[in-house]
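Heads up, the thing below is written out as structure tokens.
Everything numeric here is computed off the predicted structure, so don't read it as measured data.
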Amino acid sequence: MTHAYRTHTCGQLRDSDANGTTRLSGWVHRVRDHGGLLFIDLRDHYGMTQVVADPDSPCFKVAEKVRSEWVIRIDGKVRLRPAGTENKDMPTGLVEIYATEIEVLGQAAELPLPVFGEPDYPEDTRLKYRFLDLRRETLHKNIMTRTKVVSHLRRKMNDIGFNEFSTPILTASSPEGARDFLVPSRIHPGKFFALPQAPQQYKQLLMVAGFDRYFQIAPCFRDEDPRADRLPGEFYQLDLEMSFVTQDDLLSTMQPVVLELFNSFKGAKTVRADVPRIPYDVAVRKYGSDKPDLRNPIEMQAVTEHFAGSGFKVFAGMIANDPKVEVWAIPAPKGGSRAFCDRMNGWAQKEGQPGLGYVFWREGEEGGAGPIAKNIGPERTEAIRKQMGLGVGDACFFVAGRPEKFYKFAGDARTIVGKELNLTNENEFAFCWIVDFPFYEWSEEDKKVDFGHNPFSMPQGGLKALESQDPLTIKAFQYDMVCNGYEIASGSIRNHSPETMVKAFEITGVTKAEVEERFGGMYRAFQFGAPPHGGMAFGVDRLVMLICGVTNLREITLFPMNQQAQDLLMGAPSDATPKQLRELHIRLNLPEK
RNA sequence: GCGGAUGUAGCUCAGUUGGUUAGAGCGUCGGCCUGUCACGCCGAAGGUCGCGGGUUCGAGCCCCGUCAUUCGCGCCA
């Protein structure tokens, strides 16, 4: 008895199957019609098999009619391809199916998006016809990589003693800081659920409830504008939380999980085994970023002293006028040519900077070349060269000002130098932890102290630090994991003491009553025996993006929305019917066009 | 909300300084072809140049507006 659709998949048959019969179903990938002989590449999820028909076959007339992306069922004889016509690039390339019967299961209209081939197509077409896009080889493969990554993580987390729990999707507004998606309540007119920006409070409650190790591949919802590496609307996190742990326990629990994941999926790339823990302050000074790409070997240094009182009046003047001004040096090994330095200078001007000062060293010019070298003289130039460990053929760029104003620009310059000079190894995964984030930061907009990151983090020094220290000097037990310049995880040791929590909010101007109102569930829970706990969340989408080597999240997401946060395939968001709105007690107040 | 880029055949794109009838490849349709695997050859159909307005003797091209897509800023861990 034969199955209605197939006895084998399209990726299955080998030379050992020759002389047997088979039934295959799949999509017509390509047709090559030679008149008296006709080939069909039949494709399914598993692979591709060549089908051949000639005028002696009773199904030849049908075979002549089929077109790309029709779904057909074929019966036929498995046979070895004639000598010399084997295709070594295909796993099934030693055999072909001589078709005896073809049944058309589903015709396809003229394609708005070819499945064959891999050129780029406009996003709106790809999204509107996502089901066709997903048939294409690369995207199909990326999506499969994603499901394998997720199942790898799930298996691993279970293995090391974590328990998976599902937390509510319809919940209360959470304190992450992003805009909430709201869902109106029918039963409670005028009230709204919020979709969780992260299961933050629930997972902390699970710790209070005594479950010790929680994880979840959790959907998260944020109503913010997207970027290439930030999906609109919804995204997934590997969310986890542990009780009775220190920061060190958390980092050393998850570091092997991440390294093993990348080692399993790295392909031809390499994974750096060393994962340094870098304090936030150090990361900013060395790399100009709190998510440094460590594939780039460049490390910046302060060289303020060499410019103070020097003949380079621009920098010397700034230093004399403001004790907080510093000069940072960005070394550029092998960048010692006028052309390259000028190119960097031009880039800086395009970025809206006055320029990018530089020195470079050529054979026979002891004191260095370039305008800055002339201005500060050979001794100072030589001192800089020694400090930065540079030599003939190298260059060095300089930025000056208050570090908090220019560190991002310096970091961008570091990135460009690394890329332009091919110092950054593109075939590597390089990780680091960034630790000791500031607990508070100064909000210029609100003219007050505000939380730097998660308000539920434990300040280093606890309640005592909050009571005695300048808030802006307090660090948090807060950490990120970074890979190749992407933040892939973020977490903290939580503040489990109600008094400390109230004090922490008080410093930002939020009263005890407001804390009780906004975070009532958690505040109440902390009154009844909360264990010390902490956790983190990995961006699943970003992990997969790095593993697949793509720079846009749409390349690894099944049904992404466009940049306007619309689902072009399903037509979401869409109008609600008057009946729906009536039941929800909602009247629309639309902006005038 | 703001800034940059893009918008021409079903799809990907070209289109000179503003000048006659807007082109190519893929796909589609028709014909030929028995060893291709991006099959080959011959032929045909297919266009509101995103949309609206303006300048001009004349606009795919210049100007203004608008819409759509995208990248970035703001926003967001």
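- The residue A:L38 sits apart from the nucleic acid: no heavy atom pair falls under 4.0 Å.
- Counting any heavy atom pair closer than 4.0 Å across all strands shown, A:G491 reaches no nucleic acid atom.
- Contact annotation for A:E123: backbone-only contact, meaning every heavy-atom pair under 4.0 Å involves sugar-phosphate atoms and none involves a base.
- Side-chain nitrogen and oxygen atoms of A:N552 include at least one within less than 4.0 Å of the OP1 or OP2 phosphate oxygen of B:C71.
- Between A:L113 and A:K65, it is A:L113 whose nearest contact on RNA chain B lies nearer the 5' terminus.
- Listed pair A:N562 / B:U69 meets the phosphate criterion, a side-chain N or O lying under 4.0 Å from OP1 or OP2.
- Ion pairing between a basic and an acidic side chain is recognised when a charged N comes within 4.0 Å of a carboxylate O; A:R73 and A:E101 show such pairing.
- Remark: B:G60 base-pairs with no nucleotide in the shown strands. Criterion, Watson-Crick or G-U wobble with two distances under 3.5 Å.
- For B:G46 and B:G23, the P atoms lie 14 Å apart once the distance is rounded to whole Å.
- Contact annotation for A:P112: backbone-only contact, meaning every heavy-atom pair under 4.0 Å involves sugar-phosphate atoms and none involves a base.
- Comment: A:R230 does not engage A:E224 in a salt bridge, judged by the lack of any side-chain N to carboxylate O separation of less than 4.0 angstrom.
- Using N1 to N3 plus N6-O4 or O6-N4 for Watson-Crick, or N1-O2 and O6-N3 for G-U wobble, each under 3.5 Å, B:A44 pairs with B:U28.
- On a pure distance criterion of 3.5 Å, a polar donor-acceptor pair joins the side chain of A:R81 and the base of B:U36.
- At B:U34, none of the side-chain N or O atoms of A:R32 fall inside 4.0 Å of OP1 or OP2 (strictly under the cut-off).
- Regarding contacts with the backbone of B:U69, a side-chain N or O of A:Q566 is found under 4.0 angstrom from either OP1 or OP2.
- Spacing of P atoms, B:G74 relative to B:U16, comes out at 38 Å, to the nearest Å.
- Electrostatic pairing of A:R130 and A:D133 counts as a salt bridge here, judged by a charged N lying under 4.0 Å from a carboxylate O.
- At a cut-off of 3.5 angstrom, the base of B:C37 holds no donor-acceptor pair with the side chain of A:D41.
- Pair assignment for B:C2 gives B:G72, based on Watson-Crick or G-U wobble hydrogen-bonding distances that are each under 3.5 Å.
- With distances taken from any side-chain atom of A:R67 to the nucleotides B:C37, B:U70, B:G30, the minimum falls on B:G30.
- In this entry the distance linking CZ of A:F181 with P of B:C76 reads 15 Å, nearest Å.
- In this model, the phosphate group of B:C71 is approached by a side-chain N or O of A:R554 to a distance below 4.0 Å at OP1 or OP2.
- Stacking of the aromatic ring of A:H34 onto the base of B:C39 is found: the ring centres lie under 5.5 Å apart and the planes are inclined by under 30°.
- Partner of A:R494 under the side-chain contact (heavy atoms from CB on, under 4.5 Å) criterion, out of A:K203, A:M522, A:M501: A:K203 alone.
- In this structure, A:D248 places its CG atom where more than 12 heavy-atom neighbours from other residues, nucleotides or ligands lie under 6.0 Å away.
- What you find for A:W442 and A:L472 is that their closest heavy atoms are N-CD2, 3.6 Å.
- Nucleotides B:A68 and B:A45, compared at atom C1', are 29 Å apart to the nearest Å.
- Remark on RNA chain B: of its neighbouring residues A:D225 and A:Q237, the 5'-side contact belongs to A:D225, judged by nearest-heavy-atom nucleotide.
- Relative to the side chain of A:N87, the nucleotides B:C37, B:C75, B:C11 differ in distance, and B:C37 lies closest.
- Spacing of P atoms, B:G47 relative to B:C32, comes out at 28 Å, to the nearest Å.
- With a 3.5 Å ceiling on both atom-pair distances, B:U34 lacks any Watson-Crick or G-U wobble partner.
- Checking the phosphate oxygens (OP1, OP2) of B:U70, a side-chain nitrogen or oxygen of A:Q564 falls inside 4.0 Å.
- Rounded to the nearest Å, the gap between the C1' atom of B:U21 and that of B:G31 is 28 Å.
- At a cut-off of 3.5 angstrom, the base of B:G46 holds no donor-acceptor pair with the side chain of A:E110.
- Scanning atom types as modelled, one donor and one acceptor separated by under 3.5 angstrom connect the side chain of A:R230 and the base of B:C76.
- Under a 4.0 Å N-O distance rule, the pair A:R126/A:E555 qualifies as a salt bridge.
- Following rounding to the nearest Å, A:M90 (CE) and B:U36 (C1') show an atom-to-atom distance of 12 Å.
- Separation of the P atoms belonging to B:G50 and B:U56 is 23 Å when rounded to the nearest angstrom.
- In terms of phosphate contacts, A:R227 brings no side-chain nitrogen or oxygen within less than 4.0 Å of OP1 or OP2 of B:C75.
- B:A14 and B:A22 have their C1' atoms separated by 11 Å, with the value rounded to a whole Å.
- Across all strands shown, B:U66 forms a Watson-Crick or G-U wobble pair with B:G50, both key distances being under 3.5 Å.
- To the nearest whole angstrom, the two C1' atoms, one in B:U12 and one in B:U55, are 34 Å apart.
- For A:R79 and B:G35, a side-chain-to-base donor-acceptor distance below 3.5 Å is present, hydrogens and geometry of angles not being considered.
- The phosphate of B:C76 (OP1 or OP2) has no side-chain N or O of A:R179 nearer than 4.0 angstrom.
- For the pair A:R542 and A:Y486, the cation-pi criterion (under 6.0 Å, within 45° of the ring axis) is not fulfilled.
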